[in-house]
Amino acid sequence: MKNVRKAAFEIVTKVLGGNGYSNLLLNQMIKSKEIDPVDVSLLTEIVYGTIQNKITLDYYLKDFIDMKKTKGWVKNILRISLYQMHFLDKIPNHAILNEAVTLAKDRGGKNSGNFVNAVLRNISRKGLKSLDDIKDQTERLSIQTSHPRWLVSLWLEQYGLDTTTKLCNANNSRPSIHCRLNLTKDDSNSLIKKLEDQEIEVSRHPFIEEGVKIIKGNIIGTSLYTDGYLTIQDFSSMLVAKILDPSESDDVLDTCAAPGGKTTHIAELMSNSGSVSACDIYDHKIKLIDEHVDRLGLKQIKTYKQDARELTKEFKAGTFDRVLIDAPCSGLGVIKRKPEIKYHKSRKDLSQIVKLQKEIIDDAVKLLKPGGRLVYSTCTINKRENEDIVNYILKNNSELSLYSEPFKQFGLDSDGTLQILDNDLGADLFFIACFRKQV
Ligand SMILES: C[S@@+](CC[C@H](N)C(=O)[O-])C[C@H]1O[C@@H](n2cnc3c(N)ncnc32)[C@H](O)[C@@H]1O
């Protein structure tokens with residue numbers, strides 16, 4: 001079995017080096033059974049906590065080390081140790097220190113061990129400065145909540161101080177795990193019973209019948225998962241297919257479909273009839289959709305390696321009853337699940353992504369039948385990619401209008417758009433807009 005701090009150090013080093021996503025690497029580590037099941041929650045805590053609080057941790061560390069001269073891997077040992085010392089109260093400092101010194105010695109020899117020992121002892125002795133003394137409001141929020149300054153400024157401009165503070169704090173909470181029950185296999189009560197039989201405790205979504213939140217237990221690797229009785233999918237992501245609301249005989253186009261979470265949900269809602277055409281630009285991602293489809297036993301999905309900016313090369317205009325554009329986006333609504341996103345994006349990336357979104361929309365709208373429904377969704381919080389895109393669609397397509405009915409059927413207050421900025425379900429922060437094409 002692997003030592004939990006060593007495992008945390010390896011994952012944090014990969015993620016901060018831009019070589020993987022925290023949620024995927026954690027799942028891989030858990031699946032590989034290299035970690036004792038009793039250590040899974042501590043490992044998750046240290047990995048998420050360290051990555052989520054990196055800016056704050058570095059702000060403290062720079063009083064004790066030269067951030068430019070200290071090697072990246074040494075900084076990561078110090079970051080995971082300081083995270084445990086400052087943010088967790090369950091582990092005694094001497095235990096954290098011993099583990100950190102052993103890790104440093106194993107990796108870099110005696111001198112590295114001595115260096116880490118000296119720094120951590122120094123921090124213990126001197127304590128940390130107060131963040132409340134930071135004068136500038138944007139800077140203070142950035143350091144206190146560990147969000148890059150450009151992102152705090154963007155949200156302050158677009159949403160104001162209260163919402164920005166809430167967003168930043170919520171991004172530092174632990175993500176919850178939601179699952180979609182495959183109702184083509186069985187009804188929800190029987191599937192929940194099957195979960196309970198495997199000691200997995202769940203609670204139901206308030207109005208999505210197939211949506212459950214995992215309260216206790218681990219579904220990864222269970223036979224229920226491998227046999228296609230359920231899919232791991234966030235509640236907000238599930239809402240997208242519910243708003244698209246396909247009928248059983250519909251022809252549906254999913255323009256940006258991989259890894260297939262929404263494609264397979266759409267197909268399940270259509271009870272294995274009608275047709276679903278699922279496109280993505282990357283070959284290796286198409287394979288992920290195909291794997292999901294096989295696992296879930298779905299029949300009516302056809303996948304295409306296709307650039308969504310050129311869909312009319314593959315499909316005839318006016319052919320689809322439903323079109324989903326789950327657009328490539330900046331992903332700022334899933335920071336809680338993938339905290340590294342906030343460090344790896346820049347303001348410049350945001351304008352490039354808007355250009356791509358518009359190009360996809362320009363082609364995809366042509367494929368909708370008269371009377372058909374278009375859903376545009378993102379997992380981001382940025383008006384340029386959400387509200388402004390809605391205005392772009394309305395301005396350039398006079399035959400499309402916003403359609404609020406699909407939201408209202410769930411009691412959601414909406415003008416045809418919904419920006420989920422917070423929720424008490426622990427769900428991701430999505431934007432969803434629904435349009436109807438005139439008959
Ligand atoms: C937000 S993700 C889609 C998630 C997916 N709908 C789901 O629920 O699992 C956006 C997808 O768009 C794909 N993509 C990016 N550029 C594209 C393009 N020009 N044409 C088609 N797909 C593209 C990406 O590969 C990515 O898989």
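Order of appearance sets the numbers: ligands from 1, and atoms from 1 within every ligand.
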Asks: Has Asp280 got a side-chain atom pairing as donor or acceptor with Ala258's backbone, closer than 3.5 angstrom?
Replies: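 Yes, the answer is positive, given that a donor and an acceptor are paired below the 3.5 Å cut-off.
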Asks: Check each of Gly261, Ala258, Ala308 against atom 5 (C) of ligand 1 and report the one with the nearest heavy atom.
Replies: Ala258
Asks: So does Arg180 pair up with Glu210, basic N to acidic O under 4.0 Å?
Replies: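 So Arg180 does not pair with Glu210 through a salt bridge.
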Asks: Name the closest protein heavy atom to atom 6 (N) of ligand 1, giving the residue it belongs to and the distance to 0.1 Å.
Replies: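 Checked against all protein heavy atoms, atom 6 (N) of ligand 1 sits closest to Asp326 OD2, 2.7 Å.
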Asks: Tell me whether Lys193 at atom NZ has more than 12 heavy atoms from other residues, nucleotides or ligands lying less than 6.0 Å away.
Replies: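 No, because the 6.0 Å sphere around NZ of Lys193 holds 12 heavy atoms or fewer from other groups.
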Asks: Who's the nearest protein heavy-atom neighbour of atom 12 (O) of ligand 1, and how far?
Replies: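 Going by distance alone, atom 12 (O) of ligand 1 is nearest to Cys256 CB, 3.3 Å.
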Asks: For Leu161, is there any backbone N or O sitting under 3.5 Å from a side-chain donor or acceptor partner on Lys166?
Replies: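 Pair absent, no side-chain N/O of Lys166 close to backbone of Leu161.
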Asks: May I ask you to identify the nearest protein heavy atom to atom 15 (C) of ligand 1, giving residue, atom name and distance to one decimal place in Å?
Replies: Pro328 CG, 3.6 Å
Asks: Where does Arg309 meet ligand 1, judged by heavy-atom distances below 4.0 Å: at the side chain, the backbone, both, or neither?
Replies: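 Side chain only; the backbone of Arg309 stays clear of ligand 1.
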Asks: How far apart are the closest heavy atoms of Lys54 and Ser146, and which atoms are they?
Replies: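 For Lys54 versus Ser146, the nearest heavy atoms are N-OG, 3.2 Å.
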Asks: Which residue holds the protein heavy atom closest to atom 27 (O) of ligand 1, what is that atom called, and what is the gap in Å?
Replies: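 That would be Asp280 OD2, 2.8 Å.
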Asks: Would you call Gln306 a ligand 1 contact, heavy-atom distance under 4.0 Å?
Replies: yes
Asks: Compare all side-chain heavy atoms of Arg107 with those of Phe9 and state whether any distance is below 4.5 angstrom.
Replies: yes
Asks: Does NZ or CZ of Lys242 lie under 6.0 Å from the centre of the six-membered ring of Phe410, at an angle within 45° of the ring axis?
Replies: no
Asks: If you count heavy atoms of other groups shown closer than 6.0 angstrom to NZ of Lys14, is the number above 12?
Replies: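 Counting neighbours around NZ of Lys14, 12 or fewer heavy atoms of other residues, nucleotides or ligands fall under 6.0 Å, so no.
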Asks: Is a salt bridge present between Lys216 and Glu199, judged by a nitrogen-to-oxygen distance below 4.0 Å?
Replies: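 Looking at Lys216 and Glu199, the cut-off is not met.
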Asks: Looking at atom 17 (C) of ligand 1, what's its closest protein heavy atom, distance included?
Replies: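 Sorting protein heavy atoms by distance from atom 17 (C) of ligand 1 puts Ile281 CG2, 3.6 Å first.
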Asks: Any atoms of ligand 1 less than 4.0 Å from a non-hydrogen atom of Lys285? List them with their elements.
Replies: 24 (C), 25 (O), 26 (C), 27 (O)
Asks: Looking at ligand 1, does any of its N/O atoms fall within less than 3.5 Å of an N/O of Cys279?
Replies: no
Asks: Closest non-hydrogen protein atom to atom 8 (O) of ligand 1, residue and atom name please, with distance?
Replies: Lys262 NZ, 2.9 Å
Asks: Quick check on the 6.0 Å ring-centre criterion: do Tyr403 and Phe435 meet it?
Replies: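 No, the ring centres sit 6.0 Å or more apart.
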Asks: Between Tyr282 and ligand 1, is there a nitrogen or oxygen pair with a distance under 3.5 Å?
Replies: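 No, Tyr282 has no N/O under 3.5 Å of an N/O on ligand 1.
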Asks: Using a 4.0 Å heavy-atom cut-off, which part of Ala327 comes near ligand 1: side chain, backbone, both, or neither?
Replies: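 Ala327 to ligand 1: backbone contact only, side chain stays beyond 4.0 Å.
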Asks: Would you mind listing which atoms of ligand 1 come within a distance below 4.0 Å of any non-hydrogen atom of Asp307?
Replies: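 The atoms of ligand 1 under 4.0 Å from a heavy atom of Asp307 are 18 (C), 19 (N), 20 (N).
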Asks: Mind checking whether Cys379 contacts ligand 1 via backbone (N, CA, C, O), side chain (CB onward), both or neither, at a 4.0 Å heavy-atom cut-off?
Replies: neither
